[in-house]
Number of protein chains: 2
Amino acid sequence: MPKAKRMTKQKQTILEILRSTTCHPTADWIYEQARKKLPDISLGTVYRNLNVLRDEGEIMELNYGSTFSRFDGNPRNHYHFVCESCGQVYDVDYPVQNQLEKVIEEKTGARVQYHRLEFYGICSACLENKDGQPS
Amino acid sequence: MPKAKRMTKQKQTILEILRSTTCHPTADWIYEQARKKLPDISLGTVYRNLNVLRDEGEIMELNYGSTFSRFDGNPRNHYHFVCESCGQVYDVDYPVQNQLEKVIEEKTGARVQYHRLEFYGICSACLENKDGQPS
DNA sequence: GTAATTGCAAATAATTTGCTGGGTG
DNA sequence: CACCCAGCAAATTATTTGCAATTAC
C-alpha cells in the first residue's frame with residue numbers, strides 16, 4: 001500500500017494559499033506568502049509539499065511534464081501527445097482550431113497570438129510493453 | 001533596426017537536425033547529435049542558437065513560456081491564458097472538450113489521461129498600458 | 001512511540017552569460 | 001575588416017536531497 005500522508009501545518013498552509021488565489025503562482029511566490037504565517041518554513045518544504053499535493057491530485061502543476069524545454073523543428077502550430085511513461089513527445093494529427101483564438105479574444109479582451117494543445121497519457125508502445133513484460 | 005543574423009555552420013547544423021527528426025528533442029540531445037558533425041561545438045552555442053531560431057520563428061520551444069513551474073489550486077481541468085508581456089496566467093472560461101480525448105485515443109492507440117489547452121498573447125491590462133504610456 | 005516530515009544547507013540540473021579569439025558577410 | 005558569433009568555463013536559476021531534530025497520528 002502507498003505511504004500514509006500526514007497533514008502538517010506547512011502543507012495545510014500551502015494548500016490554503018493556493019486555494020485562495022486565482023493567480024497561478026510560482027513556488028517562490030508561495031514561499032513568500034507562507035512565510036507570513038509560518039516564518040520558519042523553508043523553500044525546500046514548499047517544494048516537497050507542492051510535489052506531494054500534485055501527486056495526491058489536490059493541485060495542478062503547469063509545465064510540460066519535465067524540467068527542461070523540448071524543441072520542435074516545425075514552427076507551424078500543431079498539437080502534441082506527451083507520454084508520461086517514456087517521456088516521448090509525439091505530433092498529433094488533428095486539425096488546428098484557429099477559430100478558438102477569436103472566441104477567446106472576444107471573451108477576455110486579450111489579443112491571442114497562438115495556442116497550444118497537448119494530450120497526456122501512455123503511448124501505444126508503452127501500453128504494449130506494460131501488458132507484455134513487468135519492466 | 002534589429003540586429004542582422006548570420007548563418008553559421010553551427011546554426012545551420014542545429015536547424016538541420018531539428019528539421020530532420022520527428023521527435024521533440026531536448027537541447028542536450030541536439031548537442032549530442034551536433035557533435036557528430038561538429039565535434040568542437042559547445043552546449044552554450046546550442047542554447048544560444050536555439051533561442052535565436054525560436055526568435056526568428058524557425059522552430060518552436062515547448063514549455064510554459066518560462067523556466068519555472070506554476071501551480072494551480074484548482075485540480076479540475078480548465079484552460080489557461082498566458083500573457084507574454086507580464087507573465088500572468090489567467091483561467092479561461094471555456095468548456096473543457098473531453099470528447100477530444102476519445103478522438104485522439106482512437107487516432108493514436110494511446111491512452112489519453114488528460115489534456116491541456118493554453119492560449120498565449122497579450123492580456124487586456126497590458127494592451128491598455130501599451131496604448132497609454134510607452135513604458 | 002515511531003515513522004513521516006521539517007529546516008537547513010549543500011548538491012543537481014538546466015540554462016545563461018562574460019570574455020577573447022575567430023570567421024562571416 | 002568590422003563586428004557578430006563561437007568556444008570555454010564560470011555564474012545563475014530552479015529544484016531536489018541528505019541529515020539530524022521535530023511532530024503528527
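Scope of the values below: all heavy atoms of this structure, side chains included, with no hydrogens, waters or symmetry mates. Each chain gets a letter, A, B and so on, in the order its sequence line appears, and its residues count up from 1.
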When the C1' atoms of the five terminal pairs at each end define the local axes, what inter-axis angle does the helix from C:dG1-D:dC25 to C:dG25-D:dC1 show, to 10 degrees?
50°
So which heavy atom on A:G109 is nearest to which on B:S124, and how close?
O-CB, 3.5 Å
So, does A:Q10 get its side chain near the phosphate of C:dG7, meaning an N or O under 4.0 Å from OP1 or OP2?
yes
Is it true that B:E16 and B:R19 have a side-chain N and a carboxylate O under 4.0 angstrom from each other?
no
In whole Å, I'd like the distance from the CG atom of B:D55 to the P atom of D:dC5.
12 Å
Who pairs with B:Y114 by ring pair (Phe, Tyr, Trp, His ring centres under 6.0 Å), at least two apart in sequence or on another chain?
A:Y120
Under the salt bridge (charged side-chain N to carboxylate O under 4.0 Å, His left out) rule, what pairs show up with a residue in residues 97-113 of chain B, not counting sequence neighbours?
none
Just how far, in rounded Å, is P of C:dA13 from CG of A:N63?
17 Å
Applying side-chain contact (heavy atoms from CB on, under 4.5 Å) to B:T8 and not counting sequence neighbours gives B:Q10, B:K11
Kindly state each residue pair satisfying ring-ring contact (aromatic ring centres under 6.0 Å, His included) with at least one member in residues 81-101 of chain A, sequence neighbours excluded.
none
Using ring pair (Phe, Tyr, Trp, His ring centres under 6.0 Å) as the criterion, list what pairs up with B:F68, not counting sequence neighbours.
none
Rounded to the nearest Å, what distance is computed from the CG atom of residue A:L50 to the P atom of nucleotide C:dT6?
11 Å
Close approaches to DNA chain C from residues 68-75 of chain A, in residue order (heavy atom, under 4.0 Å):
A:F68, A:S69
Under 4.5 Å between any side-chain heavy atoms of A:E118 and B:E118, yes or no?
yes
Say whether, by atom type as modelled, one donor and one acceptor occur between the side chain of A:S20 and the main chain of A:I17 under 3.5 angstrom.
yes
Taking only residues two or more places apart in sequence, or in another chain, which ones meet B:Y79 in a ring pair (Phe, Tyr, Trp, His ring centres under 6.0 Å)?
B:H115
Name all residues meeting the side-chain contact (heavy atoms from CB on, under 4.5 Å) criterion together with A:N63; count only those two or more places apart in sequence or in a different chain, and write none if there are none.
A:E61, B:S69
Nearest-angstrom distance from the residue atom CG of A:N51 to C1' of C:dT6
15 Å
How long is the line joining OH of B:Y47 and P of D:dA6, in whole Å?
16 Å
Where along nucleotides 18-25 of chain D does protein come under 4.0 Å, by heavy atom, of base (B) or sugar-phosphate alone (S), with - for untouched nucleotides?
B----BBS
Euclidean distance, atom CG of residue A:L53 to atom C1' of C:dA4 [Å, nearest integer]
15 Å
Nucleic acid contacts of residues 17-43 of chain A, taken as heavy-atom distances under 4.0 Å to DNA chain C:
A:D40, A:I41, A:S42
Could you name each residue pair satisfying ring-ring contact (aromatic ring centres under 6.0 Å, His included) that touches residues 6-52 of chain A, not counting sequence neighbours?
A:H24-B:H80
Closest nucleotide of DNA chain D for A:G44 versus for B:T45: which of these residues is on the 5' side?
B:T45
